[in-house]
Protein chains: 2
Amino acid sequence: MVGRPGPRRVLTEEAILDAALALLDEGGLEAASIRRIAAAVGVAPNAVYTYFPDKAAVLGALVDRFLGTVEYSSARPWRERIRGLAVDVRTRLSAHPAVASLLMSSPMGGPNTLAIGEFLLEALDAGGLAPDAAARASYLVMVYVLGALALEAAEHPDPGPLPPEAERITARREALGVEAPAGDAAETEGPFPRTVAAAPVIADYVSTAQFLWGLDRVLDGIAAS
Amino acid sequence: MVGRPGPRRVLTEEAILDAALALLDEGGLEAASIRRIAAAVGVAPNAVYTYFPDKAAVLGALVDRFLGTVEYSSARPWRERIRGLAVDVRTRLSAHPAVASLLMSSPMGGPNTLAIGEFLLEALDAGGLAPDAAARASYLVMVYVLGALALEAAEHPDPGPLPPEAERITARREALGVEAPAGDAAETEGPFPRTVAAAPVIADYVSTAQFLWGLDRVLDGIAAS
DNA sequence: ACCTGAACACCGTTCAAGT
DNA sequence: ACCTGAACACCGTTCAAGT
């Protein structure tokens, strides 16, 4: 802006990812355009291509950097290790909801993604699984965690921060047309009677409780294999 | 094209969705633009907005129509019903890989999506689950199936038809740098020793076998709850 | 009601040029 | 090597107008 073109080194991969994340947080997926990222760091749009080959690379690097912030420890029993990892990912994601949608689309090939896979293999080995079963199980855990988080994120395509959990459950409840828990006389009519009867639980799908319930079923299934 | 503007009724929701699906199949997600869909059905871009409020509605309707083609029967034991549904979705999706990515992003609110949810609740009720557990379990099954399919689809962001399974596994194997099954002397060095050792199994993640293994673990966990 | 042309406000990416 | 301005080939969506 001040000076003329030339080798100025005003940019960093980090600075680009910071700007992309800020735009993602404020305006959702569609706000994270190359042009807006460039504007945010005060540079011409095409300058970004000096640091990343294309937009997918920027978003992929963003996802991998995010996964690098996740903390996990090997000190506890194997189930607790995996639960701890899953909860930590989910907690950190709640501050950056738009990143959750990117988790499924990026190719999962970054170094921090590999580190998480390695951690899962360790935990499952500690759980007594044979190497092949541990490998299959680690992928299952990833499918569950990423799937659950992406589905939660899909529920709130609107930009901005994720509303509090209680609010999101209330929104689901209203969307399903349930005011009272409807526990008295089950209205088993209409096209989808079971779905209507289950509405109170369905409203709870986006809750931490449902997330952990599902994870525990997955871990039960793995432990029994 | 031939006549002048006016109430011609040359379009149908069905025709628009047909064109969108064809573009999706040929050119992947980015090919399914409103402008290209309109061109494919021989109409001005904005004519599409007479039938759908926006692009998201077009893609949402496409997903729901796709889920309407899925077949499921209530004749078998509950586990077989759910396995049959999952396999049928996966099989039909292999002809339309780009639709898999849309499964996670659309809000899952269409009538055919509800019908599948209802079917799952029936099967789980037949499996002896209490209503609340059945509701939670039905969501878990959906998370697993949709997550697994979306993750498979993310592996092939290139447009065009999905390569045969054997080819995709070979591609994964090469990407991981595994030529031989490496079962002889485990190279437990480098940054991610377990990941390297598990590479042969990891190459198999995109297989039907892995898909069903994961589903069976999920169903085991549900049955034990 | 259903379609049109034209426009608005954007995109990702490429290219030749400057330092 | 790193950045620029300018351009290319697109987007989704809106609006006033025609029939």
Exercise. Once you round it to whole Å, what is the distance between C1' of C:dC11 and CD1 of A:I37?
Worked result: 12 Å

For this session: Using a cut-off of strictly less than 4.0 Å, decide whether B:R36 has a side-chain nitrogen or oxygen near OP1 or OP2 of D:dC11.
Result: yes

Exercise. Does any non-hydrogen side-chain atom of B:S73 lie less than 4.5 Å from one of B:F119?
Worked result: no

For this session: Kindly say if A:Y51 contacts the phosphate of D:dA1, meaning a side-chain N or O under 4.0 Å from OP1 or OP2.
Result: no

Seminar exercise, completed: Side-chain atoms of B:A44 come closest, of C:dT4, D:dT4, C:dT13, to C:dT4

Exercise. Counting side-chain heavy atoms from C-beta on, which of D:dC11, C:dG12, D:dT13 comes nearest to A:K55?
Worked result: C:dG12

Problem set entry | A:F52 CZ to C:dG12 P, straight-line distance once rounded to whole Å | 14 Å

For this session: Give the rounded distance in Å between these two atoms: CG of B:L29 and C1' of C:dG12.
Result: 16 Å

For this session: Could you tell me the separation between the CG atom of B:D54 and the C1' atom of D:dC11, rounded to a whole number of Å?
Result: 15 Å

Exercise. Now, which nucleotide makes the Watson-Crick or G-U wobble pair with C:dC10, with each of the two distances under 3.5 Å?
Worked result: none

Problem set entry | Length of the line joining A:I16:CD1 and D:dC2:P, which is rounded to integer Å | 11 Å

Problem set entry | Listed nucleotide nearest any side-chain atom of B:A47, set C:dC3, C:dT13, D:dT13 | C:dC3

Problem set entry | B:E30 CD to D:dG12 P, straight-line distance once rounded to whole Å | 12 Å

Seminar exercise, completed: Quick note, A:T50 side chain, CB onward, closest among C:dC3, D:dC2, D:dT13 is D:dC2

Exercise. Heavy-atom distance under 4.5 Å between the side chains of B:V99 and B:L21, does that happen here?
Worked result: yes

For this session: Whole angstrom is fine here: how far is it from CZ in B:R35 over to P in C:dA9?
Result: 15 Å

For this session: Identify whether NZ of Lys or CZ of Arg in A:R92 sits under 6.0 Å from the centre of the six-membered ring of A:F66 and within 45° of that ring's axis.
Result: no

Problem set entry | Pairwise P distance for D:dA9 and C:dA9, with rounding to whole Å | 23 Å

Exercise. Side-chain contact, heavy-atom cut-off 4.5 Å: B:Y49 with B:I34?
Worked result: yes

Exercise. Looking only at atom types and distance, does a side-chain atom of A:Y51 sit under 3.5 Å from a main-chain N or O of A:T12, one as donor and one as acceptor?
Worked result: no

Exercise. In Watson-Crick or G-U wobble terms, both distances under 3.5 Å, what is the partner of D:dC2?
Worked result: C:dG18

Problem set entry | Rounded distance in Å - OH (B:Y49) to P (D:dT14) | 7 Å

